[in-house]
Amino acid sequence: MTNVASDLLINLTGVRKAFRAPDRSERTVLEGVNFQLQEGEIVALLGKSGSGKSTLLRIIAGLIKANGGDVLYRGKTINGPAKGISMVFQSFALFPWLTVQQNVELGLEAAAVPADEREKRAVKVIDIIGLGGFESAYPRELSGGMRQRVGFARALVMEPDVLLMDEPFSALDVLTAETLRGDLLELWQERQIPTKGILFVSHNIEEAVSMSDRVLIFSSDPGRVKAEIPVNLPHPRDTESPAFKAIVDEIYAIMTQQPQRAAGSPAEPLSLGYRLPEATPHRIEGMMETLAEEFKGQADIPALAEQLELPDDTLFQLLEAGRLLGFIKVEHGDVALLPAGHVYVDSTDAKRKEIFAEHLVHHISLATHIRRVLDERRDHRAPEDRFLQELEDYLTDDEAERVLDQVINWGRYAEIFEYDYNSGFLSLPEEEEEEPAEVPPAPPPAEGDAPSASA
């Protein structure tokens, strides 16, 4: 299908979305988002977790309202679920007590479509999506791929102008996801479905480049369009071609790019409420070992991703963690072990813990702060709620809890403090209570929201 727009489907101007926490503080998720979806194009949204991509889809679908800006479908403001826009979710979300056909007909029934028309349209789309013969089956009788096909059929039976998809293939195995992507593209290119534009969220860079005409890359805190990459390649796309790989490399480079600072200026210390990435010490360690053993300490990030066989979002979390801890550097789409990273990889398990502990208290402000509090207290103990309350000055309640859990996991591995899950108290390791470890000075408190772990 041609990429040339014949009409404007979706038009977003200055869209803003904020959520209010229980303490009445406001967290801005999206700010100043401008976007247009033209007829005849597929657009992918990429960005690290928490960048507001799924929130944006729900605003376009009319499921939630923006706090500012204009959200238009064919020139008219979206004030609620719009006829002409359908959405496919990450989870299958099927009613287990209904058959395939009954699940597909739900939207039509809600729209008061007559029963005979509902049946006719449902049977047709079930056949098109590759589920002919399974109309009377129940979800429990279907594979994961087949259940997601029901999700697609349920959206397509509404004959939407615009199809929104929120990571629709992420719950499927690799082969099933590839097959379903191919089938959807075939339906689109052969115009077997009435849809005129597709917008989808993905955490898989190759998936985005394989399917879309444009890739929008979101930054975080708040989410906004950071870059737009055109994909001017004919279908079917060869994922091994130099042109395809060049686009993938460009996207990896943008998504791992760090904020620029003046030459010679020192790196700013992390704020206490920095959104730490989700990465276990053992996975960070495994990533560095692969980098050392398979790539001699330096690798193109797509090549590392292929070697590790990890989802892109998981790899980004590991790269961010390794960078924050001072073990690796990431720039221009490449990753390399720093001297400390080489020393870490070459060390024994016991020595690795010592190195990890040293880097944790010197680079991660929250770990430094917790350790200092424990050192200064007479009994070397403190309740986790004390630190949660401090984090809630920067983060939502859920995010504060996640960040504290993350630093506790790192701290327990490094043995710089212990945590009792029954009492919720942190404490110094017993052997260190008599001789508190030295920790670096606390960084100055940051004003406002903490910077994102995403570039």
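Throughout, residue positions are numbered sequentially from 1 according to the sequence presented.
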Taking side chain as C-beta onward, heavy atoms only, is [X] less than 4.5 Å from [Y]?
| X | Y | result |
| --- | --- | --- |
| Leu45 | Ser202 | no |
| Phe327 | Met287 | no |
| Thr256 | Val335 | no |
| Tyr274 | Ile364 | no |
| Asn232 | Asp213 | no |

Just checking [X]: does its [atom1] atom have more than 12 heavy atoms from other residues, nucleotides or ligands closer to it than 6.0 angstrom?
| X | atom1 | result |
| --- | --- | --- |
| His332 | NE2 | no |
| Gln192 | CD | yes |
| Arg58 | CZ | yes |
| Phe244 | CZ | yes |
| Glu289 | CD | yes |

Kindly say whether [Y] contributes a backbone atom to a donor-acceptor pair with the side chain of [X] at under 3.5 angstrom?
| X | Y | answer |
| --- | --- | --- |
| Asp7 | Glu39 | no |
| Arg237 | Leu233 | yes |
| Ser220 | Gly223 | no |
| Lys48 | Met255 | yes |
| Arg402 | Leu276 | yes |
| Ser365 | Leu272 | no |
| Thr28 | Leu30 | no |
| Asp161 | Thr195 | no |
| Glu190 | Leu187 | no |
| Ser212 | Ala208 | yes |

Do [X] and [Y] sit within salt-bridge range, that is, some charged N less than 4.0 Å from a carboxylate O?
| X | Y | result |
| --- | --- | --- |
| Glu159 | Lys83 | no |
| Glu31 | Arg16 | yes |
| Glu418 | Arg412 | no |
| Glu186 | Arg181 | no |

Stacked cation flag Arg371 on Phe417, 6.0 angstrom / 45 deg: no
State whether Phe218 and Lys53 meet the cation-pi test: NZ (Lys) or CZ (Arg) under 6.0 Å from the six-membered ring centroid, and within 45° of the perpendicular axis. no
What's the spacing between [X] [atom1] and [Y] [atom2] if we round to 0.5 Å?
| X | Y | atom1 | atom2 | value |
| --- | --- | --- | --- | --- |
| Arg149 | Arg147 | CZ | CZ | 13.5 Å |
| Gln36 | Arg214 | CD | CZ | 8.0 Å |
| Met288 | Leu325 | CE | CG | 8.0 Å |
| Leu308 | Ile301 | CG | CD1 | 11.5 Å |
| Tyr73 | Ile78 | OH | CD1 | 8.5 Å |
| Glu250 | Ile229 | CD | CD1 | 4.0 Å |

Over all atoms of both residues, closest heavy-atom pair of Ala305 and Leu315: CB-CD2, 3.4 Å
Nearest heavy-atom neighbours spanning Gln317 and Ala279: O-CB, 4.1 Å
Between Asp166 and Ser54, does a side chain to side chain donor-acceptor pair (under 3.5 Å) hold up when you go through it step by step? CA-CA 6 Å; Asp166 190 4; Ser54 296; 3.0 Å; yes
Under the side chain to side chain contact (heavy atoms under 4.5 Å, CB included) criterion, do Thr55 and Ile59 qualify, and how do the steps go? CA-CA 6 Å; Thr55 298; Ile59 289 173; 4.2 Å; yes
Would Gln307 and Thr290 count as a side chain to side chain donor-acceptor pair (under 3.5 Å) here? Give the steps. CA-CA 8 Å; Gln307 181 68 34; Thr290 300; over 6 Å; no
Pair Tyr252-Asp300, side chain to side chain donor-acceptor pair (under 3.5 Å): steps then yes or no: CA-CA 9 Å; Tyr252 269 109; Asp300 182 51; over 6 Å; no
Under a plain distance cut-off of 3.5 Å, with no hydrogens placed, do Glu399 and Tyr394 share a side-chain donor-acceptor pair? no
With ring centroids as reference points, do His282 and Tyr413 lie under 6.0 angstrom apart? yes
Would you sort out whether Val125 and Val104 count as a side chain to side chain contact (heavy atoms under 4.5 Å, CB included), showing the intermediate values? CA-CA 9 Å; Val125 77; Val104 172; 3.9 Å; yes
